[in-house]
Amino acid sequence: MSGPDDYMREQAEQLAQHLRLNDGKSGYVAAEEGQYHVYVRRKWPGKQIAEWDGVPVVWHENVGTHKAARR
């Protein structure tokens, strides 16, 4: 198994922009083989996206500040 390709990484960036996770503090999106992982500091308000571009999205809420800032 290989890691995510350039297309998956680009789509992860698009998903982060769609979710407005561009401030570097509230969370981020990571691309992995066959799925996207969304890490956010707080419980996500509203409905979570189950898939993006046909790829499943796994949510991780209430992660620590350092994890959400990808430090």
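The model shown is predicted, which means the values in this text are computed figures rather than measured ones.
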K.L.:
Determine the minimum heavy-atom distance between Ile49 and His18, stating which atoms define it.
P.N.:
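Shortest heavy-atom separation between Ile49 and His18 comes out as CD1-CD2, 3.5 Å.
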
K.L.:
Which heavy atom in Gly34 sits nearest to a heavy atom in Pro56, and how many Å separate them?
P.N.:
O-CD, 3.5 Å

K.L.:
Would you name the heavy atoms of Gln48 and Glu61 that are closest together and state the gap between them?
P.N.:
NE2-OE2, 2.8 Å

K.L.:
I'd like to check Leu19 versus Val40 (side-chain heavy atoms, cut-off strictly below 4.5 Å). Are they in contact?
P.N.:
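No. Closest side-chain heavy atoms not under 4.5 Å.
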
K.L.:
Drop me the distance from Lys67's NZ to Arg41's CZ, to the nearest 0.5 angstrom.
P.N.:
14.5 Å

K.L.:
Just wondering, do Val55 and Gln11 contact through their side chains at under 4.5 Å, heavy atoms?
P.N.:
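Of all side-chain heavy-atom pairs linking Val55 with Gln11, none is under 4.5 Å.
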
K.L.:
Remaining members of Val63's ILVMFWY cluster at a side-chain heavy-atom cut-off under 4.5 Å?
P.N.:
Tyr28, Tyr39

K.L.:
Taking all non-hydrogen atoms of both residues into account, name the closest pair between Leu21 and Ser26 and its distance.
P.N.:
CD2-OG, 3.7 Å

K.L.:
Given side chains that start at C-beta, do those of Trp44 and Val38 come closer than 4.5 Å, heavy atoms only?
P.N.:
no

K.L.:
Output the distance between atom CD (Glu10) and atom CG (Asp5), rounded to the nearest 0.5 Å.
P.N.:
10.0 Å

K.L.:
Taking atom CD of Gln35 and atom CE of Met8, what is their separation to the nearest 0.5 Å?
P.N.:
8.0 Å

K.L.:
Shortest non-hydrogen contact from Arg9 to Pro4?
P.N.:
NH1-O, 2.5 Å

K.L.:
Aromatic rings His37 and His60: how do their planes relate, parallel, tilted or perpendicular, breaks at 30° and 60°?
P.N.:
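Aromatic pair His37/His60 classed parallel.
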
